[in-house]
Amino acid sequence: MPLTQMLLDAVVSRSFVKTAQLMIDEDGSVKDSASSELRRSRDQVRVLEQKLYQLMDKLLGQEKNETSTLEMCIVNGRCCIKVMTDRSTIFDGLLLSSGSRAGSILEPIAAVPLNDELQRARALVIKAEEEVLSKLADKMLAEIDDIQNLLQIIIRLDVITARAKYSLAYDGTFPDIYMPNHIGGEPSDSLSQGATTSSASSHPSRRNWKLYMPKSYHPLLLKRHLEDLHNAKKDVVDATAEIRRNLLGKHIEGNDGDARLASMKLRVSELEKNYPVPVDLMITENTNVLVITGPNTGGKTISLKTVGLASLMTKTGLYVLASEPVKIPWFDGIYADIGDEQSLTQSLSTFSGHLRQIGVGAGTNPLEGAALGMSILESFAETGSFLTIATTHHGELKMLKYRNDAFENACVEFDELSLKPTYKILWGVPGRSNAINIAERLGLNFVIVDGARKLLGTANAEINEVIVDMERFKQSFQEHLQEAEHYLMLSKELRESLLVAKKKIADHAVKLKNRKTRAVLDSASVARSLLRSKLLQQQLQFRESSEVESEKGRVVSSRQSAEDLEQSKSCDISPGGRSLSSEASKAAGVDEQSKIPVAGDMVHVPSLGMQVVVSKVEETKGEIIVQAGNMKLRLKLKDIQSRRSRTS
């Protein structure tokens, strides 16, 4: 709706747009059709330029001295000729400049009038263009408010589009933003669409989180890695294309080109494997202060910046560079005090950067700095309106968690075997000192290392041992968690496979059923064709037999007619002059036609030319159902000739 309202507020003057399109071309230049004066001036310029070009071609063609090198050039809008030798030319001209290396610039005398006229014509073109633009500007003043409003709308839409493109390009996650009553209280409202659904169906719902950002990335780290990967792939493509061109051109480089290409491919493979390590940032609802400890260059400050940038990105409408789901509170203010010149672009960590600002407890006595830091962090925790994330090397700050529930510890993991940080955060585990162990692994004298441990004290050693056990437990827990997630993923894949198999079985059953149905229909069609052919054969046979019987009947009737004729001569004549036997015959015929057959009678169907058996008589409808071979037919009573012969 905000975007819709923004577009509805835009006012576009169609008349001004049409006027501008008539005067201004797509490249921003004034069209010839903008005014008659402009068209006339530009036509004059084109004619003069054509005359000058023809003149220059003529002068260059007359110069037949092969030792001299002449070429046409434009100097301050005037057509001139550049002479590269010291020899004289056959045409007269004005010397504009000369030099031993650059050559001499001559303006031919014959070209001077044309050049002057051309300059005047170009001045007229500029004047005509200014007049057109002035008229257009006057019309723009009447629409200036709407135009400025439209410009602001376009700028806002461009910003929104840029945010969307960035979020899509880096595969960001839509954050669940909530507005708490206070930063440590219950969420009172959600600012993102679908927040209730995502919270109810995602992992954060199983625990009350104040901030939840699994596998989050620092935008600059991710951007630099993707750019390096893109450039490395581009180098491989370019090198491959160059090798192909050399092969087509039969330029053999030897093994250098292949070796360079292999090196580039190895670079791409390394970048794809060494993807930036994501940071899991999960802060519980009751936590107001998070203390992150650990070795230098381990990723502590990166974690701070990742949280701050993600919060700012959320407020500006950007997606967060983290895995789903993401839950971030609405921060009214975001404050950062890094305390040094840490620069990711220059690969400088806090430890290796130059100190410019004095951080909390830094640059002073360690004990005093630690006490001051503890006091400040406790004051932040008591307010309840802050979410504070602090990094420190002071071991005393690790103890705050065990006397105040508003504190939480975390540390960056360090691999003592490779003596390198893993850039992973261990939650609930305070960081421990690795300096003595690292020094021992690096080969420092055993006596010095042992003396350092004694000076450090037994209590600190025991604390470190406890921390080591906690780290091992945490690592074991993470391994079991990853194993459980792996089995969960396998179960999901198996379930999907079963669903796919079930669908395939159902589809196969449908196909079999359709196949059987088609087979039955095909068989029925064949059977109908056979029955139809047999019926036609029977009809032909009945028709032939009927014709034979009718022929016999005609012979018998002709004989009977002759006998009847002889008998009629001896018959009495009625008083009216009519034959009694003739009248009786007609009455008998009418009586025979009026007889209604019954089931089982054999009747003759003239239209079929065959005799059929009566199956059923429907006298009220005047219809009859007969059996003709294997078929049953419904006929009208008037379409049959009844013969009272019963079938057995």
Side-chain angles (χ1 to χ4, degrees), residues 1-11 148-205 209-227 230 276 278-283 285 302-336 338 344-345 385-389:
M1 289 306 298
L3 291 178
T4 304
Q5 187 62 42
M6 188 190 307
L7 296 176
L8 291 176
D9 292 340
V11 178
Q148 289 180 344
N149 182 44
L150 185 61
L151 176 62
Q152 295 301 319
I153 291 175
I154 292 174
I155 292 173
R156 292 182 62 188
L157 291 176
D158 280 345
V159 171
I160 293 171
T161 304
R163 291 201 299 256
K165 286 185 176 181
Y166 178 86
S167 301
L168 290 173
Y170 288 90
D171 195 20
T173 297
F174 181 70
D176 177 11
I177 315 169
Y178 70 94
M179 179 71 74
N181 292 327
H182 61 281
I183 204 67
E186 291 290 336
S188 61
D189 189 17
S190 178
L191 301 181
S192 59
Q193 295 180 355
T196 304
T197 303
S198 63
S199 297
S201 60
S202 59
H203 175 65
S205 64
W209 299 102
K210 177 177 292 185
L211 185 142
Y212 189 85
M213 292 170 50
K215 297 181 180 180
S216 55
Y217 292 95
H218 190 290
L220 188 57
L221 277 179
L222 189 59
K223 176 177 179 292
R224 186 177 64 183
H225 176 79
L226 294 179
E227 287 179 350
H230 173 75
V279 179
D280 292 324
L281 297 166
M282 295 168 285
I283 301 175
E285 184 181 0
I302 293 296
S303 301
L304 291 181
K305 292 184 175 182
T306 301
V307 175
L309 287 174
S311 302
L312 289 171
M313 291 168 68
T314 300
K315 295 187 69 172
T316 56
L318 286 166
Y319 279 23
V320 177
L321 306 187
S323 298
E324 294 183 353
V326 172
K327 182 178 181 181
I328 297 179
W330 178 269
F331 294 105
D332 292 332
I334 300 172
Y335 308 95
I338 303 301
L344 293 179
T345 57
S385 59
F386 285 87
L387 173 59
T388 304
I389 304 178

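Everything numeric here is computed off the predicted structure, so don't read it as measured data. Just so it is clear, the values below take in all heavy atoms, side chains as well, and ignore hydrogens, waters and symmetry mates.
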Any donor and acceptor pair, going by atom type alone, linking the side chain of Asp280 with main-chain N or O of Lys215 inside 3.5 Å? yes
Heavy-atom closest pair (Pro325 atom, Tyr212 atom, distance to 0.1 Å) is O-CD2, 3.3 Å
If you define the side chain from C-beta out and look only at heavy atoms, does anything of Leu151 sit under 4.5 Å from Ile155? yes
Can you tell me how far apart CG (Leu309) and CE (Met313) are? Round to the nearest 0.5 Å. 7.5 Å
Which heavy atom of Met213 sits nearest a heavy atom of Val326, and at what distance? CG-CG1, 4.0 Å
What distance separates Met6 CE from Leu8 CG, expressed to the nearest 0.5 Å? 11.0 Å
Closest approach of Thr306 to Ser216 (non-hydrogen atoms, all atoms of both residues): CG2-OG, 3.7 Å
Hey, are the side chains of Phe174 and Glu324 touching, using non-hydrogen atoms and a 4.5 Å cut-off? no
Check against side chain to side chain contact (heavy atoms under 4.5 Å, CB included), Tyr319 and Arg163: CA-CA 8 Å; Tyr319 279 23; Arg163 291 201 299 256; over 6 Å; no
Pairwise distance CG(Asn149) to CD1(Ile153) - rounded to 0.5 angstrom: 4.5 Å
Got Leu321 and Tyr166 here, is their nearest side-chain heavy-atom distance under 4.5 Å? yes
Compare all side-chain heavy atoms of Ile328 with those of Ile177 and state whether any distance is below 4.5 angstrom. no
Taking all non-hydrogen atoms of both residues into account, name the closest pair between Lys210 and Glu285 and its distance. CE-O, 3.3 Å
Using 0.5 Å steps for rounding, measure from the CG atom of Leu220 to the NE2 atom of His225. 13.5 Å
Side chains of His218 and Pro276 in contact at under 4.5 Å (non-hydrogen atoms): no
Just so I know, are the side chains of Gln5 and Asp9 near enough to count as touching, which here means a heavy-atom distance under 4.5 Å? yes
Under 6.0 Å from the NZ atom of Lys315, do we count more than 12 heavy atoms belonging to anything else shown? yes
Just how far is it from atom NZ of Lys165 to atom CD1 of Ile160, taken to the nearest 0.5 Å? 13.5 Å
Give a yes or no answer on whether the side chain of Lys327 reaches the backbone of Trp209 with a donor-acceptor pair at less than 3.5 Å. yes
Can you measure from CG (Leu221) to NZ (Lys305) and round to the nearest 0.5 angstrom? 9.5 Å
Beyond-backbone contact of Gln152 with Gln148, side-chain heavy atoms, under 4.5 angstrom: no
What pair of heavy atoms forms the shortest contact from Phe331 to Ser311, and how long is it? CE1-OG, 3.5 Å
Taking C-beta and beyond as the side chain, do Leu211 and Val307 meet within less than 4.5 Å on heavy atoms? yes
Nearest heavy-atom neighbours spanning Ser323 and Thr173: C-OG1, 3.8 Å
Determine whether Val320 and Thr314 satisfy the following criterion, side chain to side chain contact (heavy atoms under 4.5 Å, CB included), listing intermediate values before the conclusion. CA-CA 7 Å; Val320 177; Thr314 300; 3.3 Å; yes
